[in-house]
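Take a look at the structure set out below.
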Amino acid sequence: MSWSILELIRSNPEALEDSIKKRNLDPTLVKRAVELDLQWRKTLQEVEKIRHKHNQINSEIPKTAKEEREKKIQEARALLKELEAKEKELKEIEEQRDQLISSLPNILAKDVPVGPDDSYNVPIKVWGKFRVYKDDIEDFKKQLNGLQAEYETIDWRPVGHADMLETVLGLGNTEKASQVAGSRFFYIFDDIVWLDFSLLLYAIDIVTSKGYKLVVPPYMLRGEIIYSVIDMDTFKDAIYKIENDDLYLISTAEHPLAALHYKEDIEKDELPIKLAGFSPAFRREAGAANKDMKGIFRVHQFHKVEQFIYSLPEDSWKYHQELLGNVEEIFQGLEIPYRVVNIASGDLGACAAKKYDLEAWMPAQAKFREMISCSNCTDWQAYRMKIRFIDRKNNKKGYVHTLNSTAIASTRTITAILENFQKEDGSVEIPKVLRKYLEPFKAAPKDYILPRKKDTQMNRN
RNA sequence: GCCGGGGUGCCCGAGCGGACCAAGGGGCUAGCCUUGAGAGCUAGUAGGGAAAACCCUGCGCGGGUUCAAAUCCCGCCCCCGGCGCCA
């Protein structure tokens with residue numbers, strides 16, 4: 001024992017209730033959990049008493065003379081019947097208890113802003129040189145929460161990333177993709193593909209140079225694993241199931257990386273374990289309805305580099321800052337202006353105790369849009385995955401803390417580049433930091449992605 | 001996918017229906033001993049419940065047979081070897 005939620009249920013249910021209320025969930029869940037846990041412990045003791053009696057009789061049987069044996073066996077049989085009924089009762093209570101307890105979200109960190117939805121997210125930092133269309137200045141400033149930002153007013157409105165991709169550059173085709181695969185799929189071509197790869201390599205380069213171990217994980221996981229690493233909402237929104245197998249496509253490398261130490265005890269000295277996973281991410285986007293239907297901002301499939309850390313409980317907040325620091329370094333290198341927001345209680349997923357989003361400025365929309373999420377899940381995932389640390393010196397065991405953060409999500413970052421690095425003539429400058437990853441390839445663009453030529457069709461007219 | 005062999009605690013490894021605890025070794029941790037190291041000795045080293053003495057559960061996972069399962073039966077997962085298929 002030592003899972004923080006179970007500890008609170010037994011020692012301080014009020015604190016848990018408070019956290020649940022802030023998430024806009026029903027606080028009576030906690031009362032019910034406390035009751036069920038008490039009932040479970042009581043019934044468990046009853047079951048164990050019967051088992052003990054049965055064990056006692058059993059051990060007497062071989063020592064009993066043949067004539068007496070049958071009597072003992074009957075006695076044991078009778079106890080079994082009694083046991084069966086009690087065990088059934090216990091199992092029912094246990095199932096209810098476990099189901100309820102595992103539906104409880106993580107305990108909120110103290111500094112999570114309280115509020116029902118994303119409008120209560122608190123911007124805590126802005127960085128970069130913003131380009132803002134002249135009519136958007138007021139809108140822009142509103143989104144800064146009073147934080148100071150350096151910005152340049154431009155008198156032309158940049159073209160939105162979707163039109164840039166398909167019309168101006170002619171390097172994407174979502175129409176054909178939706179015909180053959182469905183909406184939210186895409187074909188991308190040439191320079192945009194190079195850009196995708198270079199972003200991934202860039203993020204991998206930065207993160208691995210800090211000692212994160214580079215990993216290509218399984219792209220599918222068994223049901224049991226998916227269910228223990230994810231909450232129900234995410235499951236419904238994101239997860240694709242493979243027909244005929246108990247396999248699910250990953251929606252992020254976070255999940256197979258968390259599963260790398262499934263049901264393991266990790267020696268204290270081996271912590272922290274820092275991983276950098278590369279994988280595609282498959283997402284159903286079932287909850288997104290009609291949001292972001294154009295372009296490649298919100299799609300069913302993209303490439304991602306993910307940071308993941310297993311840490312000792314006492315160190316996890318330090319590493320949460322480290323992950324955010326890495327992400328900021330990546331975006332500062334790209335020179336994409338952004339803000340960091342502290343996600344409000346009502347907008348926070350069940351797994352996380354606290355989450356930062358890094359949101360890039362999108363000048364065509366005059367909005368900040370999420371590029372990266374950086375979460376501390378404390379022991380919520382570790383409890384479900386049964387991942388513990390073991391401190392032999394002090395003969396101590398406990399659940400590790402897990403943290404995850406995007407390092408780069410390819411398609412989203414591309415949309416930010418298409419808007420922020422766009423020139424008035426429709427060309428897109430490639431962030432300087434990416435050039436060295438493009439240099440080895442003859443066909444790859446190096447400095448600019450150019451608008452498509454007024455092609456043959458136009459000339460014919 | 002098929003045939004054969006296997007999966008026992010932190011590790012090695014015995015046990016193949018009941019005999020007080022899963023024998024025995026190794027490792028690790030603490031204590032004792034020592035000027036120090038080593039050796040030696042003692043204890044601890046799966047999960048859960050209980051204030052505690054204790055008790056229950058645990059031999060890849062899930063079922064079953066039995067008064068009693070590490071041991072017998074069924075299904076699944078994984079590892080090793082062989083055959084087949086394959087980028």
Just checking, is any N or O donor in the side chain of Gln96(A) or Arg32(A) under 3.5 Å from an acceptor N or O on the other one? yes

Using atom CD1 of Ile225(A) as one end and atom P of rC61(B) as the other, report the distance to the nearest whole Å. 15 Å

Can you measure from CG (Leu16(A)) to CG (Leu104(A)) and round to the nearest 0.5 angstrom? 6.0 Å

So, OP1 or OP2 of rC56(B): does either fall under 4.0 Å of a side-chain N or O from His52(A)? yes

So which one's nearest nucleotide on RNA chain B is more toward 5', Lys53(A) or Arg388(A)? Arg388(A)

Whole Å only: how far is the CZ atom of Arg41(A) from the C1' atom of rG49(B)? 9 Å

Using whole Å, report how far NZ of Lys386(A) lies from C1' of rA46(B). 14 Å

Please confirm whether the backbone N or O of Ile430(A) pairs with a side-chain atom of Lys432(A), one donor and one acceptor, at under 3.5 Å? no

Tell me: NZ of Lys263(A) to P of rG9(B), nearest whole Å? 15 Å

Quick one: Lys397(A) NZ to rU29(B) P, roughly how many Å, whole number? 16 Å

Say we look at rG7(B) and rG15(B): how far apart would their P atoms be, to the nearest angstrom? 11 Å

Say you pick atom P in rU65(B) and the same atom in rG27(B); how far apart are they, in whole Å? 45 Å

Could you state the CD-C1' distance from Glu46(A) to rC55(B), rounded to the nearest angstrom? 15 Å

Whether Asn121(A) side chain and Ala344(A) backbone form a donor-acceptor pair below 3.5 Å: yes

Rounded to the nearest 0.5 Å, what separation is found between the NZ atom of Lys42(A) and the CG atom of Leu44(A)? 12.0 Å

Write down the distance separating the C1' atoms in rU57(B) and rG84(B), rounded off to the nearest Å. 44 Å

Between Phe197(A) and Trp194(A), what is the ring plane arrangement, given parallel below 30°, perpendicular above 60°, and tilted in between? perpendicular

Does the side chain of Thr402(A) reach to within under 4.5 Å of the side chain of Phe308(A), using non-hydrogen atoms? yes

Thr43(A) side, atom OG1; Arg97(A) side, atom CZ - distance, nearest 0.5 Å: 11.0 Å

Under 4.0 Å between a side-chain N/O of Asn55(A) and OP1 or OP2 of rA68(B), yes or no? no

Once you round it to whole Å, what is the distance between P of rC56(B) and NZ of Lys91(A)? 22 Å

Check whether any side-chain N or O of Arg222(A) sits under 4.0 Å from OP1 or OP2 of rC61(B), and answer yes or no. no

Expressed in whole Å, how much space separates the P atoms belonging to rG5(B) and rG9(B)? 22 Å

Spacing of the P atoms in rC77(B) and rG26(B) (rounded, Å): 39 Å

Considering only the C1' atoms, how many Å lie between rA14(B) and rA70(B), rounded to the nearest integer? 12 Å

Check the distance between rA68(B)'s P and Lys81(A)'s NZ and give it to me in whole angstrom. 14 Å

With P as the reference atom in both, quote the distance from rG44(B) to rC55(B) in angstrom, rounded to an integer. 15 Å

When we call it a touch if two heavy atoms are under 4.0 Å apart, what does Leu44(A) touch: a base, just sugar-phosphate, or nothing? sugar-phosphate

Watson-Crick or G-U pairs under 3.5 Å in RNA chain B, rendered as dot-bracket with [ ] for crossing pairs and | for another strand: ((((((((.[[[..)..(.....]]]((((((.......))))))((((....))))..[[[[[..)....]]]]])))))))....

Measuring only the C1' atom in each nucleotide, how far is rG49(B) from rG58(B)? A whole number of Å is fine. 15 Å

Base, sugar-phosphate, or nothing for Ile57(A), non-hydrogen atoms under 4.0 angstrom? nothing

So which one's nearest nucleotide on RNA chain B is more toward 5', Ala76(A) or Arg51(A)? Arg51(A)

